[in-house]
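Structure first, commentary second.
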Amino acid sequence: MGLSVFVGAIAQGAIGFGMGLVAAPVITMLNPSVMPGAIQVVNFTLPLFTLAAEWRRVDWRGLGFAVLGRIPGSFLGGLVVVYVSTRTLGVLVGTMVLIAVGLTAWAVAVPRNGWTLAGAGFVSGITGTATGIGGPPMGLVYQNAKGPQIRATLAMFFLLSAAQSLGILALLGKLPAQALTSGALLIPFLVVGFLASRPLRRFLDGGRVRGAILVLAGVSALSLVAQSTWG
């Protein structure tokens, strides 16, 4: 689990998201009883390091729309944890992301406006709360922004999102102490991974962020479908 968090921190530290993609399936496989609480502890901690370095680049207007959509989405995600099969949700969301990645790869850009940001926040709220993987929708909307703005805006979004998800999971009785302890024990791996992401961050900022986002979103979707289909 520590290794998966280390690799996820490298991806998210360089691109802006990716922790859930790498770590959530591994933690779910090894210790499903601590999910999704453990990954939310990690998701809350990692953005603090990004914001410490790049907080001035946050797109506050875009963040506001995304958070506005995220609030109802996270409540639906909490209901999914209680009432709906996460496998069904995973297959549906993964397929939707794959379609979005395919369309985006052929298009110049996904328009970034209030509607798309709120929609991305809504979908991210559902999948992030229910499965721990909430980055791809936001990443696709911000794919044409500059690297520092992507990382800073998504970091602030994930910080607020993880805090909200933790609160909802606790309210629903789905946040055992073991999940919090497991998440806390993974933080040292997160720190080392974030520090190791610095060279990759400089490389991707040279005009390569969009391609990295599309690849990571596609792999994330395939991972989510595979995890949901075969457990």
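Heavy atoms only: backbone and side chains are in, while hydrogens, waters and symmetry mates are out.
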Output yes when a side-chain donor or acceptor of [X] lies under 3.5 Å from a complementary backbone atom of [Y], and no otherwise.
X	Y	result
R151	I15	no
S124	P137	no
S182	A179	no
Q178	V34	no

In one Ile/Leu/Val/Met/Phe/Trp/Tyr side-chain cluster, 4.5 Å: [X], [Y]:
X	Y	value
W115	I71	no
V41	L185	no
L68	M156	no
L171	F44	no

Any side-chain heavy-atom pair of [X] and [Y] under 4.5 Å:
X	Y	answer
R112	D59	yes
I10	F194	no
F49	L190	yes
V123	I126	no
M138	F157	yes
T127	V80	no

Look up atom [atom1] in [X] and atom [atom2] in [Y], then write down how far apart they are to the nearest 0.5 Å.
X	Y	atom1	atom2	result
S33	I27	OG	CD1	11.5 Å
Y142	I150	OH	CD1	9.5 Å
F158	Q12	CZ	CD	5.5 Å
L76	F122	CG	CZ	5.0 Å
Q164	Q40	CD	CD	10.0 Å
F75	L172	CZ	CG	9.0 Å

Please give me the minimum heavy-atom distance between [X] and [Y], naming the atom from each residue.
X	Y	result
A152	L51	O-CD2, 3.6 Å
S197	A9	CB-O, 4.2 Å
M35	I39	CE-CG2, 3.6 Å
S74	I168	OG-CD1, 3.4 Å
T153	L63	O-CD1, 4.0 Å
G183	V42	O-CG2, 4.1 Å

Residues F189, M1; criterion side-chain contact (heavy atoms from CB on, under 4.5 Å); working and verdict: CA-CA 9 Å; F189 298 93; M1 290 194 296; over 6 Å; no
Any side-chain donor near an acceptor of the partner, S165 and R70, under 3.5 Å: yes
